[in-house]
Amino acid sequence: MQDKYNFREIEKKWQDVWADTNAFKVEEDPEKEKYYVLEMFPYPSGKLHMGHVRNYSIGDVIARFKKMNGYNVLHPMGYDAFGLPAENAAIKHNVEPAEWTWGNIAEMNRQLRELGLSYDWDREVATAHPKYYRWMQWIFIQFFKKGLAYKKESSVNWCPSCQTVLANEQVVDGCCERCGSPVGKKNLSQWYFKITDYAERLLDNLDKLEGWPTKVKTMQRNWIGKSHGAEVTFQIKDYDETLTVFTTRVDTIYGTTFMVLAPEYPSVLKMVEGTEYEADVKAYIDRCAHMNEIERTSTTNEKTGVFIGKYAINPFSGAEMPIYISDYVLMGYGTGAVMGVPAHDQRDFDFAKKFGIDIIPVIDVHDPDIDLNNLQEACAAEGTLINSAEFSGMDNKEAIQKIAEVAEERGIGKKTINYRLRDWLISRQRYWGTPIPMIHCDTCGWVPEKEENLPVLLPTDVEFTGKGESPIVTSKTFVDTVCPICGKPAKREVDTMDTFLDSSWYFLRYCDARNDEEVFSKEKADYWMNVDQYIGGVEHAIMHLMYARFFQMALHDLGLVKDEEPFKNLLTQGMVTKGYYNDKDEYIIAKMSKSLGNVVSPAEIIEKYGADTARMFILFAAPPERELEWSDRGVEGCYRFLNRIWRLVAEFIEKGNNVPGEYEIRNEADKKLAYLLNYAIKKVTEDIRDRFNFNTAISSVMELVNEMYKYKEGDVNHALYSTAVKTMIILLAPFVPHITEEIWENLGYGGSVHAQAWPSYDESALVKDEIEIVIQINGKNKEKINIPGELSRDEMLEIAKENDIIKGLIEGKNVVKMIAVPGRLINIVIKG
RNA sequence: GCGCCUGUGGUGGAAUUGGCAGACACGCUAGAUUUAGGUUCUAGUGCGAGAGCGUGGGGGUUCAAGUCCCUCCAGGCGCACCA
């Protein structure tokens, strides 16, 4: 073996071997237990970043580990290739989105291969490829046929100067990021998916996802936002229309002193038409159009609103209440109308204070600190109803039920369940996405393209001016077509799909990526699905994961897949950050980003230290769920460790005593090495398998290596030492695949280290004859003693009482209590 | 603003089930080797002179709290057209 660790040569050599032998190709094999490990596929920006390296290193360790444990491992990779950046490149640099994207994919492919990842490249997918999006369109049509897709008016961000639709991201402080002019709203007819039909199942199934982090499930629960409440209908005085509100606190209905509608509430304009209020109301609505939801619902903002000149009648008390519009009411949640109960809701309280509206307390919370008749803030606590006619004196929880029932009897309301989750708006007025395969016929309405005509190809005769509702409109060949039903001239939908759709089923396509006959074979999907381990950034905790769950459920209902849930276990990795000095010379730790200039490129690190070092550092520096701060010093430390291993093995091979196998424990040194060897096997196995704590797995191997360095200078038991070398290389193989493969070859074992069976450990080597325990007095450490490992509590206490130091400390004191925890400590509680 | 999460030596982190806080690594200090430097090896390294004190701050539960409860503070992520 060479005496220098030449990573450049080694890594290239083995990457070529793995590619030439198609080392990670897998087929369905009913004889073997399958394991599907999946990392979230990247958007092909052109350059791999450290977040990718972290994500794929984690997945690769798991994939290689499972393979060595005998599983048939599916580990695929692909590209989420549609999206806005390609289109921006087209507008800015006059390059075709397709050309830009395929170029980036080629580059990213090269970089991924340089990392030595164990992918089955035969299953690679790219969502922008017609052979992929053809099936995306097919799925859309199935959803449409099932009634899951529908069209509805909805507003988009519109830049009046660029004459184009803007993503939320392109709106900076209410202005267009490109030209800086204030952004407005524009109503368009757009496609939606009825994800709300699945709200209850999406919520209920969360309980079954035991392999998901609690925090992700909590976030999804909150996002779905199920609340039980009631709808109540209010008459409007001298006007022929009613208002229906949703409230979770119908018990407070007697405290309602005003009504508030969302500015977008459909009939507002009609209600003020021709009245003295019209101008003010219109101006207010216009102002709200420039605000986003976060600004609108902020509870720190001073409340704003406008009276619309109408009064609603409280169906319970008969009171007349002014109707306002205000931005804190959202059209998208509930009914877009709320009853204002200032005494018991803080937002309503703020609004009432601002507009001088009465505050009527209707819940007595039995708190002496609260003066109900002079409230300083809203009081949302439970209590007893007051000022509430026949309901006064009733417990408020009971009243929620009772009042809803009475409303239902009188035909003015009912109990309802409301979700915060809204239907999924999937239309995008953009070019670089899957064309929505729908055709509009004046006679037949919206009709799907015939399935045999799929894919509806993206037109290439398109101009990227950055203007207009969708660039596809500029195509001379795309729009005009004939109706698939009646054959009359018809027009194609020019909108494309949200790229979140593409990424909502790619894990299924991987199961049968080259199928041109169907979306995927059910048999193959049934074999591989569901994904045993999904790994990706925590930023996807809600949207991507919710959409993918929805797709899987809908496809399940279509009979295409057997499970309702796609991802059995989920690992959310933290971000990769790096410190930098800002303008004020303060040290800031932030996500790596170009604009901050704190980016370390993986290519740079691979060039300098190799892929093995890069992989190892990123796994060693922090557990995967946590944020990881990049440290150049830390990288050097890992590089040093790999060199240390290289030298250790080189010397070992040089000496020529490679005789692994059964060994005897002859002395303390043997025992210590055998202990650390078996401990490392146990630790690495459990840390990978049960908790993904790669950092502690690696540190246990470091401890073993440190001991081997000491051990080899003494009286060497060759069978033991050879076993330690061999095992140590196997343990490291999932983390640093190139160096271990090269060493494996040099050790002369034959085959690939990655095809070896995972080692098991000897429990008896982990038993210590003597253990150190601490003796505490009143919880403070006072003495450490060595005792045999298997002593009972009483025996431990006897020894402690005989100890000289302890004797001295408890002499003359009143011993209240003695606690012994076998294997750990003794605590003596004394008084006086 | 709302929701979720995180906070431990000079630094990244360890402590998996309430039971010795600081494993492993970086950095630093001293020594050895080589000596042009680096590399490599050995020893030391939470703070404090010490009794002791120490896991963002304050309070609580417990024989015992980094871990459980309350509260405050700081930072991060998501918020529906970025992916």
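In this text, all values refer to a predicted model and were calculated from it rather than measured experimentally.
- Straight-line distance between the C1' atoms of B/U55 and B/U8: roughly 4 Å, to the nearest whole Å.
- For A/Asn55 and A/Glu39, the side-chain atoms include no donor-acceptor pair closer than 3.5 Å.
- Distance CD1 (A/Ile618) to C1' (B/C26): 17 Å, rounded to an integer number of Å.
- Atom C1' of B/G38 sits at a distance of 47 Å from the matching atom of B/C4, rounded to the whole Å.
- Side-chain atoms of A/Asp80 and A/Thr499 form no donor-acceptor pair, as typed in the model, at a separation below 3.5 Å.
- As judged by a 4.0 angstrom heavy-atom cut-off over every strand, A/Glu295 is placed among residues making no nucleic acid contact.
- To the nearest angstrom, C1' of B/U42 lies 12 Å from CZ of A/Arg644.
- Comparing atom distances between the A/Asp80 side chain and each of B/C20, B/A83, B/G13 picks out B/A83 as nearest.
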Extract from the structure each pairing of a protein N or O with an N or O of nucleotides 59-64 of chain B at less than 3.5 Å, listing the distance.
{"residue": "B/C63", "atom": "O2'", "partner": "A/Asn827", "partner atom": "ND2", "Å": "3.1"}
{"residue": "B/C63", "atom": "O2", "partner": "A/Asn827", "partner atom": "ND2", "Å": "2.8"}

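- Contacts of A/Trp223 with the nucleic acid, taken as non-hydrogen atoms under 4.0 Å apart, include base atoms.
- Atom NZ in A/Lys152 sits about 16 Å away from atom P in B/A80, given to the nearest Å.
- Candidate nucleotides B/C81, B/C24, B/C4 were compared by shortest atom distance to the side chain of A/Asn157, and B/C81 ranks first.
- Note: CG (A/Asn706) to P (B/C41) measures 9 Å, nearest angstrom.
- Atom CD in A/Glu169 sits roughly 14 Å away from atom C1' in B/A80 (whole-Å rounding).
- Ring to ring, A/Trp424 and A/Phe500 are not that close: their centroids are 6.0 angstrom or more apart.
- Among the nucleotides B/C26, B/A14, B/G3, the one closest to any side-chain atom of A/Arg633 is B/C26.
- No engagement by A/Met40 is indicated, since no non-hydrogen atom pair under 4.0 Å with the nucleic acid exists.
- Counting any heavy atom pair closer than 4.0 Å across all strands shown, A/Ser631 reaches no nucleic acid atom.
- Between B/G46 and B/A21, the two P atoms lie 14 Å apart (nearest whole Å).
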Query raised in the report: What pattern of brackets, bars and dots sums up RNA chain B from 5' to 3', given Watson-Crick or G-U wobble pairs under 3.5 Å, [ ] for crossing pairs and | for another strand?
Result: (((((((..(((......[....)))((((((.......))))))((....))..(((((..]....))))))))))))....
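- A/Leu628 places its CG atom 21 Å from the P atom of B/C5, with the value rounded to the nearest Å.
- The side chain of A/Met575 lies closest to B/G76, out of B/C4, B/A21, B/G76.
- Less than 6.0 angstrom separates the ring centroid of A/Phe82 from the ring centroid of A/Tyr133.
- Aromatic ring centroids of A/Phe351 and A/Tyr328 lie under 6.0 Å apart.
- Computed from coordinates, the A/Glu783 CD to B/G19 P distance equals 22 Å when rounded to whole Å.
- Here the P atom of nucleotide B/G78 and the CZ atom of A/Arg420 are 15 Å apart, to the nearest Å.
- Distance noted for atom C1' between B/C68 and B/G18: 8 Å (whole Å).
- Separation of the A/Trp505 and A/Tyr132 ring centroids falls under the 6.0 Å cut-off.
- Proximity of the aromatic rings of A/Tyr609 and A/Phe7 is defined here by a centroid distance below 6.0 angstrom, and this criterion is not met.
- Look at A/Arg691 and you'll find a side-chain N or O under 4.0 angstrom from OP1 or OP2 of B/A15.
- The A/Asn168 side chain lies nearest to B/A80 when the options are B/C77, B/G7, B/A80.
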